[in-house]
Amino acid sequence: MSDIRVRFAPSPTGHLHIGSARTALFNWLFARSQGGKFILRIEDTDRERSTDQYIDGILEGMRWMGLDWDEGPFRQTERIDLHKKHIEDLIKAGDAYYCYCSPEELDAHRKQAMKDGKPMRYNRKCRELSNLAEPAEPVEGVAPVVRFAMPLAGHIVIDDMIKGKVTFNNEELDDLIIARSDGTPTYNLVVVADDVDMGITHVIRGEDHLNNTPKQAHIYKAIASEPPRFAHQSLILGPDKGKMSKRHGATSVLDYRDQGYLPSALVNYLIRLGWSHGDQEVFTTEELIKYFSMENVGTSPSIYDKDKLQWLNAEHIKMTPPEVMLRHLTPYLASEGTVDEGWAPDAEWFASALATLVERAKDLNELASSMRYYILETVEFDQKAKAKFLKPETKELFEEAVKELEGIEDFTAANIEESFKGICERREIGLGKLAQPVRVALTGGTASPGIFDVIEIVGRERVLLRLNKAIEACGSSE
RNA sequence: GGUCCCAUCGUCUAGUGGCCUAGGACAUAGCCCUCUCAAGGCUAAGACACGGGUUCGACUCCCGUUGGGAUCACCA
């Protein structure tokens with residue numbers, strides 16, 4: 001056990017984005033590998049855009065990925081009194097001041113600064129007016145915001161666990177708003193206050209927050225606390241090196257679930273984007289916990305590569321034990337109505353059926369649809385396959401196969417193979433001439449696991465039933 | 001534009017001054033295996049952005065250039 005405490009703090013203004021999920025994962029792994037605590041906090045201070053529906057989605061996504069939290073979920077909006085107290089204290093201490101500048105005024109300043117090629121910072125008009133000791137003269141009819149008074153000179157060094165030492169000049173830092181004119185606190189105050197209050201020791205987040213860090217570090221100091229350690233991970237980019245967006249693939253974690261990805265595969269992929277352990281590519285989540293270390297986190301942004309994710313998914317499908325796979329696969333089967341949620345097949349049968357399928361499935365949707373011909377009573381023929389293989393002249397072949405299969409004593413793949421090879425020898429045809437039509441008869445299509453395995457797994461009774469249906473489908477020669 | 005970050009095959013990366021003729025993986029191409037589809041095996045092609053230093057010696061350290069990214073809200 002250690003005193004390490006990290007947090008994941010999503011804002012519920014959208015789905016659990018793949019990039020946020022990666023941040024959550026880094027935090028979670030750091031906590032789990034160091035014996036620390038992982039805390040979930042919902043940053044819902046943006047009342048306009050936050051919804052409970054998004055919160056539910058985020059929690060669902062995290063549960064699906066297996067990112068369990070030790071404390072929370074806390075909601076920032078429930079902690080608003082604490083935040084307000086901090087703001088009052090800051091004002092009293094002279095670290096913050098009221099600002100009566102109107103949004104229009106500010107906007108005009110920004111535009112002018114942009115035009116002049118100057119930094120777009122607040123001009124600190126009200127700070128000078130208030131001289132920090134006394135509040136600025138209230139302006140009639142204007143509800144003020146509260147700004148944090150940044151140091152005007154000197155510099156601050158952030159010793160980032162990933163990026164190393166990053167230096168910022170204090171004069172570059174803006175007097176950011178910590179309370180809106182309606183009195184509600186804003187993000188930069190709230191994160192710091194909550195992180196202090198929750199005893200967060202390490203802040204691991206996306207690189208897009210790096211520029212906020214010096215400002216927050218000063219707020220930490222002002223509310224009498226040492227800043228935590230920071231670790232800023234690089235971002236995930238789309239294939240065009242721009243921001244990862246829907247054009248590049250799914251951005252919501254739950255979409256990956258729906259597309260048939262195994263959570264362990266997504267986790268594996270996401271962590272390998274910017275972290276490595278020698279030449280190893282495939283990791284179980286347990287291995288990740290064992291090997292994860294901040295030192296091996298990369299510094300450069302990485303591009304999302306769907307192909308590699310897909311490959312990893314296939315690898316994870318191959319290595320997931322049957323009993324775990326059953327749990328993951330059932331919802332996909334159930335959504336097609338193939339089985340119901342409580343499906344409990346014979347464990348041995350399921351394991352051998354799965355073993356034949358696992359080598360050829362890229363995702364769980366594919367796996368489920370192949371599984372159907374093992375589960376259902378009969379199959380529907382693919383029209384093209386039927387036209388090509390279920391011909392009148394095939395009838396006779398099927399009839400012989402039926403007779404042979406009826407005669408096999410021990411209905412195993414090996415015996416079935418022997419018997420089928422006998423048919424082919426007698427008829428002087430290649431195995432393919434027999435296997436393909438039978439494959440269509442049993443699976444409905446032209447691609448499947450080895451035909452002898454299929455026959456064994458489907459079982460004699462259903463095989464004969466389907467073969468006879470196929471004979472009917474062959475029609476008669478005319 | 002200011003500030004900050006980043007820079008090895010198309011992509012993810014190994015590499016911490018000599019082990020580098022730069023390794024692995026995905027993707028690509030060819031071959032093998034084969035009852036279909038996969039999986040698998042083998043092989044091929046493919047990178048240190050550029051320019052200066054430092055050093056006996058730079059992919060590795062320093063500086064600059066170029067290129068990419070992030071950020072600059074009464075959003076988080």
Side-chain angles (χ1 to χ4, degrees), chain A residues 9-13 43-46 48-50 76 99 102-103 106-107 110 113-121 143-147 158 160 162-164 166-169 172-174 176-184 186-188 190-191 206-214 232 234-235 237 239 241-243 269 272-282 296 298-312 314 318 357-362 366 370 385 389 417 420-421 424 430-436 438-440 443 445-452 454:
Chain A
S11 62
T13 54
E43 313 228 311
D44 56 349
T45 53
D46 184 352
E48 309 242 308
R49 296 192 296 149
S50 300
Q76 276 185 327
C99 171
S102 68
L106 263 17
D107 218 42
R110 255 197 299 278
M114 173 83 100
K115 223 171 106 194
D116 298 347
K118 295 233 183 77
M120 296 177 275
R121 251 175 282 128
V145 298
V146 179
R147 285 181 184 274
I158 305 296
D160 192 274
I162 294 171
K163 302 287 185 189
V166 185
T167 306
F168 296 86
N169 282 323
E172 304 286 346
L173 274 20
D174 204 0
L176 40 81
I177 293 172
I178 56 175
R180 302 183 182 93
S181 50
D182 65 0
T184 58
T186 63
Y187 168 75
N188 278 295
V190 167
V191 235
E207 198 178 9
D208 49 341
H209 286 283
L210 189 52
N211 285 308
N212 276 329
T213 308
H232 288 92
S234 51
L235 273 16
L237 273 26
K241 298 197 175 188
K243 258 190 179 164
Y269 178 71
R272 274 291 286 112
L273 235 41
W275 174 85
S276 60
H277 184 255
D279 282 341
Q280 188 171 347
E281 296 285 353
V282 182
N296 298 316
T299 49
S300 52
S302 34
I303 293 170
Y304 173 80
D305 179 14
K306 192 173 204 264
D307 286 333
K308 189 139 187 184
L309 205 209
Q310 206 155 67
W311 172 78
L312 272 172
K318 279 186 260 187
L357 260 22
V358 115
E359 305 264 295
R360 25 210 129 216
K362 290 197 300 290
E366 281 187 17
S370 301
F389 293 103
E417 177 166 2
F420 266 41
K421 290 212 163 136
C424 291
L431 183 57
K433 287 268 184 277
L434 174 60
Q436 271 312 80
V438 171
R439 174 168 284 118
V440 175
T443 70
T446 54
S448 85
I451 194 66
F452 311 118
V454 172

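First the proteins, then the strands, lettered A, B, ... as listed; each starts at 1.
- OP1 and OP2 of B:U71 both lie 4.0 Å or more from every side-chain N or O belonging to A:R121.
- Straight-line distance between the C1' atoms of B:C26 and B:A45: roughly 15 Å, to the nearest whole Å.
- Remark: side-chain polar atoms of A:R121 are paired, donor with acceptor, to backbone N or O of A:E172 under 3.5 angstrom.
- Residue A:S181 is classed as a base contact, given a heavy-atom separation below 4.0 Å to a base.
- Mapping A:Q280 and A:R147 onto RNA chain B via the closest heavy atom, the residue that lands nearer the 5' end is A:Q280.
- A:K433 comes within 4.0 angstrom of nothing in the nucleic acid, heavy atoms only.
- The nearest whole Å value for the distance from the CG atom in A:L210 to the P atom in B:A76 is 20 Å.
- A close approach under 4.0 Å does occur between a side-chain nitrogen or oxygen of A:S276 and OP1 or OP2 of B:A14.
- Relative orientation of the A:H209 and A:Y187 rings is tilted, given thresholds of 30° and 60° on the angle between their planes.
- Under 4.0 angstrom from either OP1 or OP2 of B:A7 there lies at least one side-chain N or O belonging to A:T299.
- Between A:A143 and A:S181, the closest heavy-atom pair is O-CB, 3.3 Å.
- If you check every strand for non-hydrogen atoms under 4.0 Å, A:R110 touches sugar and phosphate atoms only.
- Across B:C56 and B:U66, the matching P atoms stand 32 Å from one another, rounded to whole Å.
- Nearest-nucleotide assignment on RNA chain B puts the 5′-proximal partner with A:S302, out of A:P449 and A:S302.
- With hydrogens and angles ignored, no donor-acceptor pair under 3.5 angstrom links the side chain of A:R439 to the base of B:C37.
- Listed nucleotides: B:C12, B:C5, B:U71. Nearest to the side chain of A:I303: B:C12.
- B:A7 and B:C50: their P atoms are spaced 15 Å apart (whole Å).
- Taking atom CG of residue A:D279 and atom C1' of nucleotide B:C26, one finds them 14 Å apart after rounding to whole Å.
- At the heavy-atom level, A:I451 lies under 4.0 Å from base atoms of the strands shown.
- Of the P atoms belonging to B:U16 and B:U60, the separation is 13 Å, rounded to the nearest Å.
- Within 4.0 Å (heavy atoms only), A:T45 reaches sugar-phosphate atoms of the nucleic acid but no base atom.
- Base contact: A:N212 has a heavy atom under 4.0 Å from a base atom.
- Rounded to a whole angstrom, the distance from the P atom of B:G18 to that of B:G2 is 38 Å.
- Taking the P atoms as reference points, B:G52 lies 14 Å from B:C59, given to the whole Å.
- When heavy atoms are screened at a 4.0 angstrom cut-off, A:F452 is found touching base atoms of the nucleic acid.
- Atom CD of A:E172 and atom P of B:U71 are 18 Å apart (whole Å).
- Within 4.0 Å (heavy atoms only), A:P103 reaches at least one base atom of the nucleic acid.
- When rounded to the nearest whole Å, the span between CD of A:Q310 and C1' of B:C26 equals 11 Å.
- Side-chain polar atoms of A:T443 and A:R439 form no donor-acceptor pair below 3.5 angstrom.
- Protein atom CZ of A:F420 is 20 Å distant from nucleotide atom P of B:U34, rounded to whole Å.
- For B:U36, the OP1/OP2 oxygens have no side-chain nitrogen or oxygen of A:R360 closer than 4.0 Å.
- Listed here is the closest heavy atom pair of A:D44 and A:Q76: OD1-N, 3.2 Å.
- With B:U13, B:C6, B:A70 as the candidates, the nucleotide lying closest to the side chain of A:R272 is B:U13.
- Atom P of nucleotide B:G1 and atom CE of A:M120 are separated by 11 Å, given to the nearest angstrom.
- Nucleic acid contact class of A:G274 (heavy atoms, under 4.0 Å, all strands): sugar-phosphate only.
- A distance of about 42 Å separates the P atoms of B:A29 and B:U65, rounded to the whole Å.
- When all heavy atoms are compared, the tightest approach of A:P239 to A:Y304 is CG-O, 4.0 Å.
- If you check every strand for non-hydrogen atoms under 4.0 Å, A:E281 touches a base.
- Across all strands shown, B:A25 forms a Watson-Crick or G-U wobble pair with B:U11, both key distances being under 3.5 Å.
- Counting any heavy atom pair closer than 4.0 Å across all strands shown, A:V145 reaches a base atom.
- Distance check: A:T13 OG1 to A:E48 CD gives 12.5 Å after rounding to the nearest 0.5 Å.
- At the heavy-atom level, A:L309 lies nowhere under 4.0 Å from the strands shown.
- Residue contacts shown for A:S448 include a base, since a base heavy atom lies under 4.0 Å away.
- In this structure, A:D305 atom CG and B:G10 atom P are separated by 13 Å, rounded to whole Å.
- Using a 4.0 Å heavy-atom criterion, one finds that A:K318 contacts the sugar-phosphate atoms exclusively.
- Atom CG of A:D305 and atom CZ of A:R272 lie 11.5 Å apart (nearest 0.5 Å).
- The side chain of A:V166 sits closest to B:C4 out of B:C26, B:C4, B:G23.
- Rounded to whole Å, the distance from NZ on A:K241 to P on B:A70 is 13 Å.
- In this structure, B:A73 makes no Watson-Crick or G-U wobble pair, since no nucleotide meets both defining distances under 3.5 angstrom.
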